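As the structure is a prediction and not an experimental result, all values here were calculated from the model.
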Amino acid sequence: SPTPGSPKRFVTTTYIPAEGYLNLHSYKYRGEDRSLIYKHILTPMNQWLIEFFPVWLAPNVITMAGLLCVTVSYICTWVYCPGLEGHAPPWVFILNGIMLLFYQ
């Protein structure tokens, strides 16, 4: 019998039944995206971009860098167009599009 607080006790409670716990080790995530944009634009772009990053760089660092780019572009929008009313220079909207693409 597992001791209170042990991982096996937690896993075999109401969260995951006992038969599910036995199959947990053989589980493999299989995610896919069948969209045309993902297939023909984002995948080739990402394959090309991945060559510029060192292997030791964590994926979370890349994600945070993309988030930083989007945040900077939104701050530019806020500076030139507070309250999203009025007009901003065209380069602000181009910057938003490019930075959003970087985040993808």
Side-chain angles (χ1 to χ4, degrees):
S1 166
T3 60
S6 71
K8 188 168 183 175
R9 177 176 166 76
F10 175 75
V11 172
T12 58
T13 59
T14 58
Y15 297 108
I16 301 174
E19 60 273 1
Y21 178 73
L22 296 175
N23 294 325
L24 193 59
H25 297 290
S26 63
Y27 174 77
K28 183 178 178 184
Y29 174 75
R30 284 181 252 134
E32 63 180 305
D33 189 348
R34 296 182 181 183
S35 70
L36 294 175
I37 292 174
Y38 185 80
K39 182 178 180 181
H40 296 291
I41 296 173
L42 294 178
T43 298
M45 179 186 72
N46 291 338
Q47 292 298 325
W48 178 74
L49 287 174
I50 196 112
E51 297 173 7
F52 297 102
F53 293 103
V55 177
W56 53 265
L57 189 63
N60 291 346
V61 173
I62 299 170
T63 301
M64 289 303 293
L67 180 63
L68 181 65
C69 288
V70 171
T71 304
V72 166
S73 72
Y74 287 162
I75 289 172
C76 286
T77 303
W78 179 71
V79 166
Y80 282 98
C81 194
L84 298 177
E85 295 177 356
H87 298 284
W91 66 266
V92 173
F93 302 111
I94 294 169
L95 179 71
N96 281 336
I98 291 170
M99 293 302 166
L100 188 60
L101 185 63
F102 282 167
Y103 186 72
Q104 292 291 321

> Using links of under 4.5 Å between side-chain heavy atoms of ILVMFWY residues, direct or through other members, which residues join Tyr27 in one cluster?
Replying inline: Tyr29

>> Suppose we screen for side chain to side chain donor-acceptor pair (under 3.5 Å). Which residues come up paired with Ser35, at least two apart in sequence or across chains?
In response: Asp33

>> Going by the rule salt bridge (charged side-chain N to carboxylate O under 4.0 Å, His left out), which residues pair with Arg30 if we only count those two or more places apart in sequence or in a different chain?
In response: none

> Among pairs that include at least one residue of residues 81-91, which meet side-chain hydrogen bond (donor to acceptor under 3.5 Å, both in side chains), considering only residues two or more places apart or in two chains?
Replying inline: none

Throw together a table of side-chain donor-acceptor distances under 3.5 angstrom for residues 73-81, partners on residues two or more places apart or in other chains.
residue, atom, partner, partner atom, Å
Ser73, OG, Val70, O, 2.8
Ser73, OG, Asn96, OD1, 3.1
Thr77, OG1, Ser73, O, 3.1
Thr77, OG1, Asn96, OD1, 3.3
Thr77, OG1, Asn96, ND2, 2.7

Sequence neighbours excluded and cut-off under 3.5 Å, please list the side-chain donor-acceptor pairs for residues 40-64, or say none.
residue, atom, partner, partner atom, Å
Thr43, OG1, Tyr38, O, 2.8
Asn46, ND2, Leu42, O, 3.2
Thr63, OG1, Pro59, O, 3.1

> Under 4.5 Å between side-chain heavy atoms, hopping through other hydrophobics if needed: is there a path connecting Leu101 to Ile98?
Replying inline: no

>> Using the rule that Ile, Leu, Val, Met, Phe, Trp and Tyr join whenever any side-chain heavy atoms are under 4.5 Å apart, tell me whether Met99 and Val92 fall into a single cluster.
In response: yes

